[in-house]
Amino acid sequence: MPPTLFYGVDASLSLDVGPDAVLAECRAPREGSIADPAAAVTTALAAPLDFPPVSRAAVPGDRIAIALADGVPRSQAAVAGVVKYLVETGTLPEAITVVRASNGHADVDPRAQLPAEMAGQVGLVTHDPDDRAQLAYLAASHEQRPIFVNRTLFDADLVLPIGCQRLDESLGAYGVHGGLFPSFADRDSIDRFRAPSSAESKIHVARRRQEADEAARQLGIFITIQLVPAAEGHVLHVVAGEPTSVARQAAALCAAAWHHSVRRRASLVVASIGGDPHEQSWDNLARALAAASRVAEPGGAIALCTELAVSPGTALDHLSAAQNLSAALREIRRDRSDDAWTASQLAQQLDRGSIYLLSELDDELVESLGMAPVQSPEEIERLAHHHDTCILLEDAQYAVPTVEDEAEAELA
């Protein structure tokens with residue numbers, strides 16, 4: 001039976017290319033996903049790692065803020081689990097405010113899984129990094145940069161961050177506090193983190209992680225909640241507790257689920273982005289490209305299977321406007337738009353090989369960005385017949401594949 005790769009909500013493609021051609025099938029974890037994430041969050045808060053039950057950290061009258069990062073799987077269920085625990089342990093619903101990141105989806109109310117009456121009592125704030133009235137000065141960083149954070153978080157007696165755990169090697173991963181800062185900071189901080197160098201340079205990534213940790217420490221974050229994603233937008237694990245302990249355990253669980261080892265590189269990597277429309281983003285396309293490039297041969301091809309329908313941002317426009325990739329990359333690296341590191345990743349991968357994109361975007365738009373548009377899964381299968389070897393990478397926005405010999409050489 002030919003291998004099948006899932007993408008989007010319930011789409012799939014089969015590659016009947018023969019078993020010798022498929023070097024590896026890097027599957028997203030499906031077995032063991034949590035049926036009731038809200039209950040899992042409630043349970044985790046009752047017995048957090050290296051921390052007393054959260055009920056002992058709050059007293060009646062405390063204002064509690066839930067800092068909901070972008071990209072959290074089953075985010076409505078996660079919020080429902082936190083609020084349920086807080087209310088059952090004595091907190092009034094009106095003392096709770098959900099603060100969501102500005103790049104979250106405004107069409108989705110994170111309180112939607114709460115009982116209707118309770119949902120109306122729990123506050124909701126959408127962070128706006130450009131609104132100075134929403135920001136409060138927290139401290140100066142060790143680099144003497146001003147640290148501004150959302151005022152609701154600043155004023156809260158207890159802040160409970162909810163983030164999506166990613167592997168450290170993932171593009172744009174800034175550690176256990178990366179979902180908190182700069183997501184709830186000022187525009188300058190967000191732009192600095194969104195610069196291509198902040199996602200691609202190991203030195204800059206380390207500095208950004210240190211900056212996120214410092215902001216969390218200054219804000220008084222002593223407990224955090226991390227969700228380890230499963231296939232198709234589900235949740236595999238919920239880890240809550242003292243941040244260092246959470247980072248250690250969640251990273252190990254994430255590595256077991258999303259790290260893949262392959263024997264050698266392939267001339268074609270077929271990578272998918274699974275999940276609902278909120279998963280079908282340009283950020284996740286960049287993450288999928290970065291993951292696929294780790295196991296693609298130099299000059300090889302990457303085929304992305306998505307249901308992407310969102311128009312590109314301003315930094316991606318440089319790809320269509322520039323005369324060549326080098327000129328485009330120079331412009332992109334000076335850009336500080338939200339999609340700057342996405343554009344940078346795309347330009348770099350186009351310089352290394354061909355990229356084919358199955359999406360819901362207009363063909364002319366895809367071509368203007370340097371990619372080859374694909375109309376159907378059958379075209380991907382025909383493409384695979386022109387390559388001697390291929391690797392399948394499912395839900396590539398979370399995956400980190402490595403080549404065995406190259407990984408050993410790095411450790412030597």
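The figures that follow rest on heavy atoms only: side chains count, while hydrogens, waters and symmetry mates do not.
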Query raised in the report: Do L268 and T389 come within less than 4.5 Å of each other through their side chains, counting heavy atoms only?
Result: no
Query - Donor-acceptor under 3.5 Å (S141 side chain, R145 main chain) - result: yes
Query raised in the report: Would you say Y85's side chain and S55's backbone share a donor-acceptor pair under 3.5 angstrom?
Result: yes
Query raised in the report: Sub-3.5 Å donor-acceptor pair from the side chain of Q134 to the main-chain atoms of T126, do we have one?
Result: yes
Requested in this report: Identify the heavy atoms of I225 and A240 that sit nearest to each other, and give their distance.
Outcome: CG1-CB, 4.0 Å
Query raised in the report: Quick one: does L160's side chain get under 4.5 Å of L86's, heavy atoms only?
Result: yes
Query - Residues which pass side-chain hydrogen bond (donor to acceptor under 3.5 Å, both in side chains) with E331, listed by chain and number, not counting sequence neighbours - result: R334
Report task. Evaluate the salt bridge (charged side-chain N to carboxylate O under 4.0 Å, His left out) criterion for residues K202 and D168: first the C-alpha distance (whole Å), next the side-chain angles of each, then the deciding distance (0.1 Å), finally the verdict. Result -> CA-CA 11 Å; K202 290 184 178 180; D168 284 346; over 6 Å; no
Query raised in the report: Applying salt bridge (charged side-chain N to carboxylate O under 4.0 Å, His left out), which residue pairs with at least one partner in residues 247-271 are found, sequence neighbours left out?
Result: R265-E406
Query raised in the report: Which residue pairs pass the ring-ring contact (aromatic ring centres under 6.0 Å, His included) test when at least one of the two sits in residues 13-44, sequence neighbours left out?
Result: none
Query raised in the report: Quick one: ring-ring contact (aromatic ring centres under 6.0 Å, His included) pairs with a partner in residues 230-276, sequence neighbours left out?
Result: W258-Y398
Report task. Compute whether any side-chain donor of one residue and acceptor of the other, for Q210 and E214, lie under 3.5 angstrom apart. Result -> no
Query raised in the report: So, D363 and Q375: side-chain donor and acceptor under 3.5 Å apart, yes or no?
Result: yes
Query - Test item: T224 side-chain N/O and P243 main-chain N/O as donor-acceptor pair under 3.5 Å - result: no
Query raised in the report: Would you say the side chains of H204 and S197 form a donor-acceptor pair under 3.5 Å?
Result: yes
Query raised in the report: Would you say the side-chain atoms of N284 and E279 include a donor-acceptor pair closer than 3.5 Å?
Result: yes
Requested in this report: Could you tell me whether R207 and E143 have a side-chain N and a carboxylate O separated by less than 4.0 Å?
Outcome: yes
Requested in this report: Sequence neighbours left out, what passes side-chain hydrogen bond (donor to acceptor under 3.5 Å, both in side chains) with R74? Give chain and number order.
Outcome: none
Query raised in the report: Got a sec, which residues hit salt bridge (Lys or Arg N to Asp or Glu O under 4.0 Å) with D131, two or more places apart in sequence or on another chain?
Result: none
Sequence neighbours excluded and cut-off under 3.5 Å, please list the side-chain donor-acceptor pairs for residues 300-307, or say none.
{"from": "T306", "atom 1": "OG1", "to": "L308", "atom 2": "N", "distance (Å)": "3.1"}
{"from": "T306", "atom 1": "OG1", "to": "L358", "atom 2": "O", "distance (Å)": "2.9"}
{"from": "E307", "atom 1": "OE1", "to": "V9", "atom 2": "N", "distance (Å)": "3.3"}

Query raised in the report: In chain order, what residues pass the side-chain hydrogen bond (donor to acceptor under 3.5 Å, both in side chains) check against S368, with sequence neighbours excluded?
Result: none
Report task. Please tell me if the side chains of V239 and Q165 come closer than 4.5 Å, counting only heavy atoms from C-beta onward. Result -> no
Query raised in the report: Do D186 and S189 get their side chains close enough for a donor-acceptor pair, meaning under 3.5 Å?
Result: yes
Report summary line: In short, A340 meets I332 closest at the heavy-atom pair O-CG2, 3.3 Å
Report task. Could I get the full list of side chain to side chain contact (heavy atoms under 4.5 Å, CB included) partners for P129, not counting sequence neighbours? Result -> S102, H127, R187, I190
Query raised in the report: Taking side chain as C-beta onward, heavy atoms only, is L15 less than 4.5 Å from L5?
Result: no
Query - Where A57 and F222 come nearest, the two heavy atoms and their spacing - result: CB-CE1, 4.1 Å
Query raised in the report: Got Q76 and V108 here, is their nearest side-chain heavy-atom distance under 4.5 Å?
Result: yes
Report summary line: With sequence neighbours left out, the residues meeting ring-ring contact (aromatic ring centres under 6.0 Å, His included) with F148 are Y137
Report task. Taking only Lys NZ, Arg NE, NH1 and NH2, and the carboxylate oxygens of Asp or Glu, determine whether D109 and R100 approach each other closer than 4.0 Å. Result -> no
Query - L285 vs L357 side-chain heavy atoms within contact, under 4.5 Å - result: yes
Query raised in the report: What residues, two or more places apart in sequence or in another chain, satisfy side-chain hydrogen bond (donor to acceptor under 3.5 Å, both in side chains) together with D62?
Result: none
Report task. Carefully, step by step, assess S344 and Q348 under the rule side-chain hydrogen bond (donor to acceptor under 3.5 Å, both in side chains). Result -> CA-CA 6 Å; S344 175; Q348 291 180 72; 3.0 Å; yes
Query raised in the report: Of the non-hydrogen atoms in I355 and L289, which two are nearest, and what is the gap between them?
Result: CD1-CD2, 3.7 Å
Which pairs of donor and acceptor atoms, one on a side chain in residues 17-39, lie under 3.5 Å apart (sequence neighbours left out)?
{"from": "E25", "atom 1": "OE1", "to": "R27", "atom 2": "NE", "distance (Å)": "3.4"}
{"from": "E25", "atom 1": "OE1", "to": "R27", "atom 2": "NH2", "distance (Å)": "2.7"}
{"from": "R27", "atom 1": "NH1", "to": "T4", "atom 2": "O", "distance (Å)": "2.4"}
{"from": "R27", "atom 1": "NH2", "to": "T4", "atom 2": "O", "distance (Å)": "2.8"}
{"from": "R30", "atom 1": "NH1", "to": "E394", "atom 2": "OE1", "distance (Å)": "2.8"}
{"from": "R30", "atom 1": "NH2", "to": "E232", "atom 2": "OE2", "distance (Å)": "3.1"}
{"from": "S33", "atom 1": "OG", "to": "R30", "atom 2": "O", "distance (Å)": "3.4"}
{"from": "D36", "atom 1": "OD1", "to": "A38", "atom 2": "N", "distance (Å)": "3.4"}
{"from": "D36", "atom 1": "OD1", "to": "A39", "atom 2": "N", "distance (Å)": "3.2"}

